[in-house]
Structure formats: C-alpha cells, structure tokens
Amino acid sequence: MGTALVYHEDMTATRLLWDDPECEIERPERLTAALDRLRQRGLEQRCLRLSAREASKAELGLVHSPEYVSLVRKTQVLGEEELQALSGQFDAIYFHPSTFHCARLAAGAGLQLVDAVLTGAVQNGLALVRPPGHHSQRAAANGFCVFNNVAIAAAHAKQKHGLHRILIVDWDVHHGQGIQYLFEDDPSVLYFSWHRYEHGRFWPFLRESDADAVGRGQGLGFTVNLPWNQVGMGNADYVAAFLHLLLPLAFEGQMQATPECFAHLTHLLQVLAGGRVCAMLEGGYHLESLAESVCMTVQTLLGDPAPPLSGLMVPCQSALESIQSARAAQAPYWKSLQLQDVTPVPTSPSTHSPEGRPPPLLPGGPMCKAAAPAPAPSSLLDQPCLCPAPSVRTTVALTAPDITLVLPPDVIQQEGSALREETEAWARPHESLAREEALTALGKLLYLLDGMLDGQVNSGIAATPASAAAATLDVAIQRGLSHGAQRLLCVALGQLDRPPDLAHDGRTLWLNIGGKEAAALSMFHVSTPLPVMTGGFLSCILGLVLPLAYGFQPDLVLVALGPGHGLQGPHAALLAAMLRGLAGGRVLALLEEDSTPQLAGILARVLRGEAPPSLGPSSVASPEDVQALMYLRGQLEPQWKMLQCRPHLVA
C-alpha cells in the first residue's frame, strides 16, 4: 500500500522575530534540511506525497480549550512587541503572525496521515511538521509546541475511526508532558516516553516525568515513563528499553543514539498493529542528525532493511537502573511483567534542593559510560559489517512451486541453480543429500545464498526434503562462512542439532528453539524448548532471541524450520520479521518441502518488509516457559550484556 509523506511548505513561515537564545533553535531549516535530504536520497519520490491541510476548530477542540484556540488565533494580527509579551507568558515559546496557520497545518498533517493509514490508502507514513506539539497542554503552549499534534491525531483516531487501543511512542529527548496530561486517565491510549530526566534536573523539571508516574484512575498502567538519569545513552540502551519494557507491554494489550538506531526502533514498532505506524516529527534541533534520522525512519517505513548499528551493544548501568525502575512501576498493571524479577533497585540519590527546585546542570555533567565488556571472544564482534542494498529484495527458491502459492509482485521466483559439480561437492559428506530431490533443492539454496552474499538479493526462502533438513542447514552455514559472512546467526526450530563439525570460533551463534531442555552449552550454543503459549513465545523472542541477536550483530541470519518445529504461520512470520532488523535484512528462511504454500507466502511478505499478521488474543507465558527463560538469561547474562534488564549491584 505504500508510505505517505505529509508536508506543506507554509510550515516554514513561522520564525523567531526577536533575540531569544532559548528559542532560536526552533527554526524553519529543521524542515527544509530534512526534506532536502529525503530528496537527495530519492526517498521522497518513493512516497505518496500528501499536502497538509489545516485542522478545523472542532478538531483542535478534541484536546484544546476553546479559549486557548481563540488566543492563538489572535496572534495573527498582533505586532512584534505584543507577540513577544504574549510569548513571555509561556515557557520556551515564541509566537509569529503565521504561527496559527502553521500550527493548524501541523495538526492537520497528523490527521491526514491517520486517515490515510486507517482507510488503507497507505500502510504507514511520516508527517514532517512544525511547530512541534508534545509539550502543548489543553490551555497552554509550552516548549516550542502550540497545538498537540500527536494527541489530536490520537483523539481523532478514536472519534472518527473507532479505535480502542492506540500506542504513542515518544522518543524525543524531552518528556512529552502534554500528551501525558491529556491521556493519563485514558486506558485506550498507552503512552510511552523515554527522555532525559537527570533526577528532575533537566527541562521540563517535572516530578511526573519519573518512572513512578504511571497514570491515574482507569488509566493506571497506561503511562510509561523511562527517565534517563545520565546523558550519553547509546544504541544498546535504546534497543534494550524496547526489548525489555515497551514491546512486552505493547504486545500484551545529550543522548547518543545514532540515526541508524531510529531505523531499528521503527522496524521493531512495525510488527505491531499490522504495521499501521504514523510517525510525526516533534523535536530535533541538530540539522544534520535530524535529517539523517528522518531519512532512516522513512527508509524503514518504506520496507528497506535497517543498517547495522555501530558500537558494542552493551547497555550502561544507569540505563539498566532506569529500565528496571520503570518495569517495577508497571508490574502491578501488566501480566507480562508479573512473572519476572522486577524488584525495584536503589537509584542514585536525587539531587533536588530542599526548596524542591532542581539545581542547574553544570557543563560537563555526568555522562553515561557503558560498563566495560568482558573480552570479546572474537574481534569480529567489534566490527559491524556493512551490507549494501541489493536490487532484489526477496527471492523464493522452491524445487516445485505450488500453484496455490501467492507472492507479492516484486518477490522473485528463482529459476537458477548452482552448478551440478559444485552442488555434488558440497553434498558429498552428507548421506541424506545423495537423493536427487535433496540434491536439486541444495543446488537452488546454494544459488540463492550466493546471490545474497554477493549483494544481488537481500533475503530469500528455500526448501529442502525433511530428511535432508539438518544436512542442508549444515551446508548453508559452511557456505555462508566461507563466502563472506563474518558472523552468522542460525535460529533452528524443531529437531535440528548443531552440526558437530561447526567450529567454535565465535563466528556462529546457534540458537535452537525446540530443544528438549533449556541449556547454554556455550555462549554461542543455546537451546530452549518451544514455548507452549503465545505469551511464552513472545517472551522468548523479546527476552532471549533478540537480545542475543543484537549483542552478536550478525551479517547473515539463517532461520530453519525443521522437522517438528511446531510453529504456526503468524508465529514464524513474527520471528522472521523481527530478525529482519539484523544483518541489513539478509535473512534466509529454510523450510521443509512439504510446508504449506501459505507459510512460504507469509514469510515472503514479511521478508520484503510487510507487517506480520496478528498472533491472536494475548496470553501469558506458562510457569515452565518463564523458568526456562530465566534460567538461560541467568546463565548467559555475564557474556551477553543485552540480556540484562537490571543493573548489577555493587556491595
């Protein structure tokens, strides 16, 4: 269905007319720099371009008082001195004669995007707007924000489209207190915000920005604050927050993130709500970083693979302290957290002054430094491997395609096969590959794998006879490692054992889901039983598979659905979709030949970037599944820091 880009050049009109160092960073170039970068990358041309409209008085009234809307309207006829005097009545705000028009366009852009997504005109989209909105309150402008664009869009989705469950994810560096105030007693809106807090010493200096502000009345548990108490949070901290806090809740009912991180966060959100994601620009005042982050977000919405993340994936102790505090605050309201260890940890002492006014932050204040990691088993873990974007997104290589197999038009059905002599050489050590049908399937897999390793194809699906599944997977691993893959992640489901001749050199992470018991035979060889409940499956993916995968940072992912794998189509699709965020999207799914064509079709769609189907009604993990997960995490946390969701206490 495509991706919408909503914009209007009139939103560059409002600007600061007087000298105000606090407000001068909110300038028209925030939009033009982002739009120019989208055009340079050819991304604007790939989107459905929508021209923003003005929000009506009634639409603004969904969250704002009539008196406040009237006040902003009057700014159109005020002189500069009057505008400056009115601006001084609010915190970090400036008004301009064009502010009312621009702010109505910003709110209207969000409404257009919501309508386009919820009517099926597009799958997702981005509203590129200013002024921002998330600090704006019912009757007050605040922090550059005039009308609360996201809140208006959410209220509109409820009123016009009848939505009953809306997730708002606010990853601005500042707390979006305006959104929180507007929905804090509303259980139909789950508001998640991570923000720089520093024990209340960072703007907006609010006690209710802390983790224990969880909503009120019927909305208890539907406000989730993750306050960062030191600056310098990096990619590992943000990904850990998604895996250990936001996504478990979402499935149940000077910060240092790189632009690439926004691609991964957007990708992780796209597995929710059928991929119906409406992104709206809020803050961001460093023009280069803002432009890159916007591009990364749009690329991901378009279905492009997320680029590799830079740096070691090791969350810092301050981030883990914040995550655990938020988990403890939310546990009374969410079943997915109640079976886990969410005991609050002692936090660093607050530095509030006796009068309740936070002391100013000093230059060169505390920085969050990642804990020194254990020596890496291989220097490969320090080196992210870049994967160029291929011309073909997804290829299906089946020996005898079923006539009922329905594929998206841009998914290629592979005709080619590896040379016979080469295929036979790879098959020779394996007796199960001697039969003609197994040899034919292997030839097709080798041809597909070479295309992926050469950068011609991004992802693919191959099939093999059930009797040859283990041997075929062994060949795929060896071929990948010998033809360019530096770090290979293999997620094997069902009755598939780790190849005995696979080297223990740290280049392969083997994860078996479907083993007889939970076991960590080494940090690179992990086995766990297949969870019996959907909630257990989600906990396994979010609490084990993805933390290991992001810690390992592979440049090739193999997903093998072997004999007795026990996964239904939606579960397999979710696993493949979430793993697609790794390795630049280079994921090869290996199926048994007698798998249903529906399974191949659904995997092809998610590998090309579509959202996975719903898993159905939510359920909690069984006690046995929780016990297995907790055991493995305890065994592996010392080596894999992304598994941690609470800090280590030092005596």
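These numbers were taken from a predicted model, which means no experiment stands behind them.
Between atom CG of residue L31 and atom CE of residue M11 there is a gap of 6.0 Å, rounded to the nearest 0.5 Å. For the atom pair OH of Y550 and CG of L309, the computed distance is 6.5 Å after rounding to the nearest 0.5 Å. The line from OG1 of T297 to NE2 of H267 is 13.5 Å long, rounded to the nearest 0.5 Å. Atom CG of L538 and atom CG of L247 lie 9.5 Å apart (nearest 0.5 Å). With values rounded to the nearest 0.5 angstrom, L226 atom CG is found 6.0 Å from I323 atom CD1. Put simply, CD on Q299 and CD on E292 are 8.5 Å apart, with the number rounded to the nearest 0.5 Å.
Within the 4.5 Å cutoff, side-chain heavy atoms of Q330 are placed close to those of V214. Residues L246 and L269 meet the side-chain proximity criterion, which asks for heavy atoms closer than 4.5 Å. F90 has its side chain within reach of L86: a pair of non-hydrogen atoms, C-beta onward, lies under 4.5 Å apart. Contact of the T14 side chain with the Y94 side chain is registered, since non-hydrogen atoms from C-beta on lie closer than 4.5 Å.
A donor-acceptor pair under 3.5 Å links the side-chain atoms of H96 to the main chain of S98, judged by distance alone. Judged by distance alone, with hydrogens and angles left aside, the side-chain atoms of R15 form no donor-acceptor pair with the main-chain N or O of P28 at under 3.5 Å. The main-chain N or O of C261 is never found under 3.5 Å from a side-chain atom of N235 such that the two would form a donor-acceptor pair.
When the ring pair (Phe, Tyr, Trp, His ring centres under 6.0 Å) test is applied to F242, the partners found at least two apart in sequence or on another chain are W194. Here E610 pairs with P408, R605, R608 under the side chain to side chain contact (heavy atoms under 4.5 Å, CB included) rule; sequence neighbours left out. For the salt bridge (charged side-chain N to carboxylate O under 4.0 Å, His left out) test, residues two or more places apart in sequence or in another chain that qualify with D304 are R46, R393. With sequence neighbours excluded, the residues satisfying salt bridge (charged side-chain N to carboxylate O under 4.0 Å, His left out) with R130 are E26. The side chain to side chain contact (heavy atoms under 4.5 Å, CB included) check on L62 picks up A155, H156, Q159, with sequence neighbours excluded. Taking A55 as the reference, E59, L60, A107, L111 meet the side chain to side chain contact (heavy atoms under 4.5 Å, CB included) condition, with sequence neighbours excluded. R138 pairs by the salt bridge (charged side-chain N to carboxylate O under 4.0 Å, His left out) definition with nothing, not counting sequence neighbours. Evaluation of the side chain to side chain contact (heavy atoms under 4.5 Å, CB included) rule for E9 yields Y7 as partners, not counting sequence neighbours. Every residue meeting the side-chain hydrogen bond (donor to acceptor under 3.5 Å, both in side chains) condition with D91, not counting sequence neighbours, appears here in chain and number order: W203.
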Listed pairs under 3.5 Å, donor-acceptor, residues 179-186 side chains, sequence neighbours left out:
from, atom 1, to, atom 2, distance (Å)
Q180, OE1, H175, NE2, 2.8
Q180, OE1, N225, ND2, 2.9
Q180, NE2, E208, O, 3.0
Y181, OH, E208, OE2, 2.5
E184, OE2, R216, NE, 2.9
D186, OD1, S188, N, 2.9
D186, OD1, S188, OG, 2.6
D186, OD2, K158, NZ, 2.5
D186, OD2, S188, OG, 3.2

Can you list, pair by pair, the side-chain donor-acceptor contacts under 3.5 Å of residues 65-73, counting residues two or more places apart and other chains?
from, atom 1, to, atom 2, distance (Å)
S65, OG, Y68, N, 3.1
Y68, OH, A141, N, 3.3
Y68, OH, V146, O, 2.7

Extract all donor-acceptor atom pairs below 3.5 Å that involve side chains of residues 273-285 and protein atoms in other chains or at least two apart in sequence.
from, atom 1, to, atom 2, distance (Å)
E282, OE1, G133, N, 2.8
E282, OE1, H134, N, 3.0
E282, OE2, H134, N, 3.4

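In this structure, F144 has its ring center at least 6.0 angstrom away from the ring center of H135. Taking the six-membered ring where the residue is Trp, the centroids of W334 and F222 are separated by under 6.0 Å. Ring centers of F202 and W228: at least 6.0 Å apart, outside the cut-off.
Between D10 and R104, none of the side-chain N atoms (NZ, or NE/NH1/NH2) sits under 4.0 Å from a carboxylate O, so this pair counts as no salt bridge. One finds a salt bridge joining R49 and E44 here, because a Lys/Arg side-chain nitrogen approaches an Asp/Glu carboxylate oxygen to under 4.0 Å.
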* Apply side chain to side chain donor-acceptor pair (under 3.5 Å) to D170 and Y191, showing your working. => CA-CA 8 Å; D170 188 346; Y191 175 63; 2.8 Å; yes
* Verdict with supporting geometry, S618 and E252, side chain to side chain donor-acceptor pair (under 3.5 Å) -> CA-CA 6 Å; S618 63; E252 185 181 339; 6.0 Å; no
* Asked: side chain to side chain donor-acceptor pair (under 3.5 Å) between N142 and S136: does it pass, once the steps are laid out?
  -> CA-CA 5 Å; N142 184 264; S136 176; over 6 Å; no
* **Verdict with reasoning, T75 to T99, per side chain to side chain donor-acceptor pair (under 3.5 Å)** => CA-CA 7 Å; T75 61; T99 292; 5.4 Å; no
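Nearest heavy atom pair, residue G215 against residue T223, reads N-CB, 3.5 Å. In plain terms, the two heavy atoms of H161 and T119 that are nearest each other are CE1-CG2, 4.1 Å. Of all the heavy atoms in H195 and S209, the pair that sits closest is NE2-O, 2.8 Å. Of all heavy-atom pairs spanning G543 and L643, the tightest one is O-CD2, 3.3 Å.
By the neighbour-count criterion of 12 heavy atoms within 6.0 Å, atom CD of Q218 is sparsely surrounded, having that number or fewer from other residues, nucleotides or ligands. More than 12 heavy-atom neighbours from other residues, nucleotides or ligands sit within 6.0 angstrom of CZ on R39.
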